[in-house]
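Okay, handing you the structure first.
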Protein chains: 2
Amino acid sequence: MDAFEVLWGERGAPRRGPRPTLTVGELAKAGIDLADREGLGAVTMQRVAEALGVTKMATYRYVPGKDELIALMVDTAMGEPPELSHIDGGWRPQLKAWTMAMFDLMRAHPWALRATVGRRVTGPNELGWVEKALGALAEARMDGGQKMDVVVALTGQIRAIIEQAADTSEEDIAEGWAKVLATRAERFPHVVKALAESEQHKSRDQGLEFGLERILDGVELYLSRQ
Amino acid sequence: MDAFEVLWGERGAPRRGPRPTLTVGELAKAGIDLADREGLGAVTMQRVAEALGVTKMATYRYVPGKDELIALMVDTAMGEPPELSHIDGGWRPQLKAWTMAMFDLMRAHPWALRATVGRRVTGPNELGWVEKALGALAEARMDGGQKMDVVVALTGQIRAIIEQAADTSEEDIAEGWAKVLATRAERFPHVVKALAESEQHKSRDQGLEFGLERILDGVELYLSRQ
DNA sequence: AAGACACAGTGTACGGTAGACACAGTTTCA
DNA sequence: TGAAACTGTGTCTACCGTACACTGTGTCTT
């Protein structure tokens with residue numbers, strides 16, 4: 001049983017033996033709850049098992065190892081992709097809605113960022129999200145590779161905004177960058193200036209909005225040139 | 001001694017006691033070598049210490065913990081930011097050169113992606129990179145927050161491309177997505193189509209190029225509207 | 001009906017991890 | 001010439017993922 005099978009294979013009830021007391025779904029949910037409340041570092045086989053009232057070795061009956069549990073958590077947390085087809089106005093408002101939905105999701109589960117770096121197996125929900133985004137672009141005059149590149153750019157934007165928000169949260173910026181910039185302002189004049197000017201509109205949704213509109217503008221311009 | 005001090009404080013030679021046999025720089029370099037060769041998972045205090053010929057506890061004389069060592073590795077691997085002022089043509093070619101330079105860097109040290117998720121302290125080199133990018137935008141008609149948003153969008157694009165490349169490397173795509181799409185093509189028709197069409201031009205630099213040009217187009221359009 | 005079989009959850013054990021702490025040796029300052 | 005400050009070492013603890021043997025349970029086959 002590998003990660004692929006855990007994510008994509010359906011689990012028929014076993015023919016013989018005692019009934020399983022858990023399901024992979026419950027396992028994933030327990031992990032997600034733990035990660036939401038205490039961060040990804042708190043997700044250990046021990047604690048997940050505790051939350052479900054079994055010993056940690058019991059979890060290995062459902063999942064071959066921790067990596068696969070995390071993968072399962074990610075795909076479960078991602079959930080069903082949103083329906084976009086009812087949104088009027090073509091690909092642009094649809095992609096915007098898609099991006100916002102994923103942004104909200106990632107903000108609700110910030111640990112998912114850390115859990116989705118490096119090589120991993122794509123789960124059904126995650127692939128469903130990609131499918132929806134590509135569906136929004138179905139009529140656009142670009143080849144498939146370029147459509148995929150647009151989707152990649154959007155996910156990159158989401159991640160970047162959330163990570164920047166994590167880096168520059170109120171207390172961090174106060175005791176981090178500010179501490180540096182106070183003593184070394186002459187070495188980073190542009191950073192100092194940019195930070196000073198951005199004090200006013202500090203909402204992170206605004207940062208997402210701005211970058212997102214630039215990307216969509218760029219795509220629109222590209223399409224209008226074809 | 002916290003992460004901030006490790007990254008930003010200079011370490012004067014101690015007044016008394018035996019000479020330190022190492023420097024924080026050597027520590028960082030040993031960690032980087034290890035991570036480059038065997039991945040971030042191979043970086044343990046034990047193995048870093050071994051590579052330097054000391055016991056693992058000796059490393060704690062230079063660095064308060066592993067997190068700080070990783071932060072140091074990241075900032076060291078990032079290195080001095082490239083000089084952009086000599087590049088003609090205004091902010092756009094400069095930002096493009098900046099992005100390409102960072103892309104090359106991240107490809108040379110793929111572990112840096114995993115090491116730069118979540119809350120962390122920004123080091124001097126990393127801040128220097130941001131400074132250079134903002135410098136390229138110094139004359140642009142945007143406020144500082146928007147300039148910062150552009151930089152964030154560019155870093156997001158770099159990360160997204162590299163992670164996508166890791167996910168969809170040749171063998172992974174063959175035994176991962178392809179395996180799914182073969183049996184469930186009807187569920188993900190747009191993904192199937194996009195992947196088929198993108199078979200031809202599979203170079204990842206092309207993916208970076210495309211997304212990057214869209215972003216820069218979007219920024220340019222925004223500036224032309226001001 | 002009864003045994004064989006497949007499976008679930010438990011308990012124990014192991015190698016590896018980060019890091020705390022006490023200690024011995026070394027260099028410099030008072 | 002101590003005393004003080006500092007380095008690297010050895011030992012120890014708590015925790016991690018996970019391998020493996022075992023007991024108990026439900027079902028299929030004879």
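Model, not experiment: these values are computed from the prediction. All chains are named by letter (A, B, ...) in the order of the sequence lines, taking the proteins before the strands, and each is independently numbered beginning at 1.
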(message) Do B:Thr76 and B:Ile32 make a side-chain contact, defined as non-hydrogen atoms from C-beta onward lying under 4.5 Å apart?
(response)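 When only atoms from C-beta onward are counted, B:Ile32 and B:Thr76 do touch, with a gap below 4.5 Å.
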
(message) With nearest nucleotide decided by heavy atoms, which residue, B:Ala42 or A:Tyr62, maps closer to the 5′ end of DNA chain C?
(response)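 Whichever sits nearer the 5' end wins; that is A:Tyr62.
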
(message) Does C:dT28 have its OP1 or OP2 closer than 4.0 Å to a side-chain nitrogen or oxygen of B:Arg19?
(response)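 Indeed, a polar side-chain atom of B:Arg19 lies that close.
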
(message) Need to verify one output field. Residue with the more 5' nearest nucleotide on DNA chain D, A:Arg15 or A:Gly65?
(response)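 By nearest-heavy-atom nucleotide position, the 5'-most residue is A:Gly65.
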
(message) Can you identify which nucleotide, out of D:dG17, D:dT9, C:dG11, has its nearest atom closest to the B:Met57 side chain?
(response)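 The answer is D:dT9.
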
(message) Using heavy-atom distances to pick each residue's nearest nucleotide on DNA chain C, tell me which of B:Lys56 and B:Arg61 is more 5'.
(response)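 By nearest-heavy-atom nucleotide position, the 5'-most residue is B:Lys56.
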
(message) B:Lys132 vs B:Glu80, test: salt bridge (Lys or Arg N to Asp or Glu O under 4.0 Å). Steps then yes/no.
(response) CA-CA 10 Å; B:Lys132 289 289 184 203; B:Glu80 287 275 322; over 6 Å; no

(message) Counting the atoms with a prime plus P, OP1 and OP2 as sugar-phosphate, which does B:Met45 contact under 4.0 Å by heavy atoms, base, sugar-phosphate, or nothing?
(response)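 Result for B:Met45 = sugar-phosphate.
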
(message) Show the nearest heavy-atom pair for residues B:Leu127 and B:Thr122, with the distance to one decimal.
(response)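 Between these two residues, the closest heavy atoms are N-CG2, 3.9 Å.
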
(request) Given side-chain hydrogen bond (donor to acceptor under 3.5 Å, both in side chains), test A:Thr23 with A:Arg11 step by step and report yes or no. (result) CA-CA 9 Å; A:Thr23 62; A:Arg11 192 166 174 86; over 6 Å; no

(request) May I have the distance from A:Glu50 (atom CD) to C:dG9 (atom P), rounded to whole angstrom? (result)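 Computing the A:Glu50:CD to C:dG9:P distance gives 17 Å.
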
(request) Find the distance A:Tyr60:OH to D:dT18:P and express it as a whole number of Å. (result)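 Going from OH in A:Tyr60 over to P in D:dT18 covers 4 Å.
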
(request) Quickly work out the B:Leu27 CG to D:dG8 P distance and round it to whole Å. (result)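 The answer, rounded to whole Å, is 10 Å.
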
(request) Answer yes when B:Arg159 and A:Glu163 have at least one side-chain N-carboxylate O distance shorter than 4.0 Å, and no when they do not. (result)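 Judged by the 4.0 Å cut-off on N to carboxylate O distance, B:Arg159 and A:Glu163 do form a salt bridge.
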
(request) Report the distance from atom CZ of A:Arg47 to atom P of D:dC15, rounded to the nearest whole Å. (result)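 Value for this atom pair: 11 Å.
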
(message) Between P on D:dG8 and CG on B:Leu52, what's the gap in Å once rounded to a whole number?
(response)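 Result: 11 Å.
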
(request) Identify which nucleotide among C:dA18, D:dC6, D:dT9 has an atom closest to any side-chain atom of B:Val54, counting heavy atoms from C-beta outward. (result)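 The nucleotide sitting nearest to the side chain is D:dT9.
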
(request) Measure the distance from CE on B:Met1 to P on C:dG19 and round it to the nearest whole Å. (result)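 That distance rounds to 12 Å.
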
(message) Looking at D:dG8, I'd like to know if its phosphate oxygens (OP1 or OP2) sit under 4.0 Å from a side-chain N or O belonging to B:Thr21.
(response)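 B:Thr21 to D:dG8 OP1/OP2: side-chain N or O found under 4.0 Å.
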
(request) Specify the separation, in whole Å, of atom NZ of A:Lys66 and atom P of D:dC15. (result)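 One finds 15 Å between P of D:dC15 and NZ of A:Lys66, rounded.
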
(request) Would you kindly check whether a donor in the side chain of B:Arg16 faces an acceptor in the base of D:dA4, or vice versa, at under 3.5 angstrom? (result)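 Yes.
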
(request) For A:Gln46 and C:dT17, give me the distance from atom CD to atom C1', rounded to whole Å. (result)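 One finds 16 Å between C1' of C:dT17 and CD of A:Gln46, rounded.
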
